[in-house]
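Reading through the structure tokens given below for one structure.
Letters A, B, ... are given to chains in the order of the sequence lines, protein chains preceding strands, and every chain is numbered from 1.
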There are 2 protein chains.
Amino acid sequence: MPKVGMEPVRRKALVDAAMRVIGDHGSLTVTMSEIAKQAGVSPALAHHYFGSKEQLLIETVRSHLQRLRDNTVMALRAAKTPREKLSAIIRVSFQADQFAPETIAAWLAFYAEAQRSEETRRFLVIYARRLRSNLLANLKALCSGDDAERIAEGAAAMIDGLYIRQSLRSAPISIEASIALTEDYINTLLAPLSRKAAFQKDR
Amino acid sequence: MPKVGMEPVRRKALVDAAMRVIGDHGSLTVTMSEIAKQAGVSPALAHHYFGSKEQLLIETVRSHLQRLRDNTVMALRAAKTPREKLSAIIRVSFQADQFAPETIAAWLAFYAEAQRSEETRRFLVIYARRLRSNLLANLKALCSGDDAERIAEGAAAMIDGLYIRQSLRSAPISIEASIALTEDYINTLLAPLSRKAAFQKDR
DNA sequence: TATTTTTGATTGACTGATCAATCAACAAAA
DNA sequence: TTTTGTTGATTGATCAGTCAATCAAAAATA
């Protein structure tokens, strides 16, 4: 069985397995054994490739955020106008796979972990900044800089808040409703500020 | 030293200690020893009064949510009009002690724990429902039921989102800015719906 | 081509540390 | 003397991390 070039395959398998295990365990308190088992290898191999549990977990966060970023870049590229780009950002945030219970559970676990792990925190800060700056850049085309800052901050908070509320799975809000709520926020705050631009865009 | 009537004193000391330890540890992965030490008693005593670590943690969540509820009830009582009551709810949510880094860290840890502990989840669901229904009841006095539902959902999400974003401690938003953002959201969404009522309230 | 050597992949078994939980014992108050 | 409060010592389980050994492909050599 042992063939050459297994390293990248195993690394990916382990990172994916970690994401799955964290997701349905709902916490970073998972064992290397569980992860390794899920990936179909021995715990020793996980240590062999990642050195430590912490490192594997960090790689897992990194990989997850990377995927989110790729999706966002693609969606932004497909959108033409600033207003469309705002919608694209929102849509990606609530994409089905992002909004799955296990994903949200994992996401939450990462936030908790960030309180202790400086490296995890750094990744999440990058995510938060990116979300904010993507929103900001496109809002600036539709209203004044000050207003854009304020609306970006609010929209980012709303997106993250809808996420965390979803994690409780009581009165779950649908993907569409979450998107609608965020769009409504932006539309309503924007309306009195830039009637011209907003009108131009709305069909 | 042993005097009668220690039980409530010790329980409170342990619950408070747990909150503190969880707060600066930033996670529920804390040991009974740490908590007991912080409370100035032996680990065995913590087990004596709470039976298990899980139970102590659950009591800690309960106590924290209870305090938040008491604050809210008081603030609501002091406010007269529906619009004032909305502001009161927002103000309590971002109160200094609620917004302290350790409190936010603990809060986050509870959310993560809720993925595994049914009882913790129940408490948080109750909190989420209460926030929503407090907002809803007062919004209904200012606009239609459907609009009230929508705005309550959005405001609750924004409050929780501002919280979670705060936990990253990058570009921290001040208490005042968080309140302003949420107030602005409610004002702006309400404005076109009930000019009369909103006007009446705004001085 | 056949044979040997090297190297990467992989694991089972083990170790050391940590921790929740238990328990027997003791001290002071009632 | 009974009850309540309290602890030190211990146990048993869980886990991250290590290590020596194995196996098969690839590379080198004959």
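A salt bridge between Lys37(A) and Glu34(A) is absent, with no side-chain N of the basic residue lying under 4.0 Å from a carboxylate O of the acidic one. Ion pair Arg11(A)/Glu7(A) flagged as a salt bridge, since at least one NZ, NE, NH1 or NH2 atom sits closer than 4.0 Å to an Asp/Glu carboxylate oxygen. With respect to the salt-bridge test (charged N to carboxylate O, under 4.0 angstrom), the residues Glu118(A) and Arg121(A) qualify.
Residue-environment remark: CD (Glu54(A)) stays at or below the threshold of 12 foreign heavy atoms within 6.0 Å. Within a 6.0 Å radius of CD in Gln98(A), more than 12 heavy atoms belonging to other residues, nucleotides or ligands are found. Few gaps surround CG on Asp97(B); more than 12 heavy atoms of other groups in view lie less than 6.0 Å from it.
In the helix from dT1(C)-dA30(D) to dA30(C)-dT1(D), the end axes, each obtained as the rotation axis mapping the C1' atoms of four pairs onto the next four within a five-pair block, lie 10° apart to the nearest 10 degrees.
Residues of residues 45-59 of chain B that place a heavy atom closer than 4.0 Å to DNA chain C, in numerical order, are His47(B), Ser52(B), Lys53(B). Within residues 108-123 of chain B, no residue has any heavy atom under 4.0 Å from DNA chain C. Listed in residue order, the members of residues 12-35 of chain A having a heavy atom less than 4.0 Å from DNA chain C come to none.
Out of dG12(C), dT7(D), dA9(C), the shortest distance to the side chain of Glu7(A) is found at dA9(C).
Relative ring orientation between His64(A) and Trp107(A) is described as perpendicular, the plane-to-plane angle rising above 60° on a 0-90° scale split at 30° and 60°. Using cut-offs of 30° and 60° on the angle between ring planes, the pair Phe99(B) and Tyr163(B) is perpendicular.
Checked against side chain to side chain contact (heavy atoms under 4.5 Å, CB included), Gln55(A) has the following partners two or more places apart in sequence or in another chain: Ser52(A), Ile58(A), Glu59(A). In terms of the side chain to side chain contact (heavy atoms under 4.5 Å, CB included) criterion, residue partners of Asp70(A) (sequence neighbours excluded) are, by chain and number, Gln66(A).
From Leu68(A), atom CG reaches atom OG1 of Thr72(A) across 4.5 Å, with rounding to the nearest 0.5 Å. In this structure, CD1 in Ile22(A) is found 5.0 Å from CG in Leu28(A), a value given to the nearest 0.5 Å.
Both Pro43(B) and Pro8(B) lie near DNA chain D, and the one whose nearest nucleotide falls closer to the 5' end is Pro8(B).
Listed pair Arg10(A) / dG8(C) fails the phosphate criterion, with no side-chain N or O lying under 4.0 Å from OP1 or OP2.
Using modelled atom types and a 3.5 Å distance limit, the side chains of Glu183(A) and Ser87(A) yield a donor-acceptor pair.
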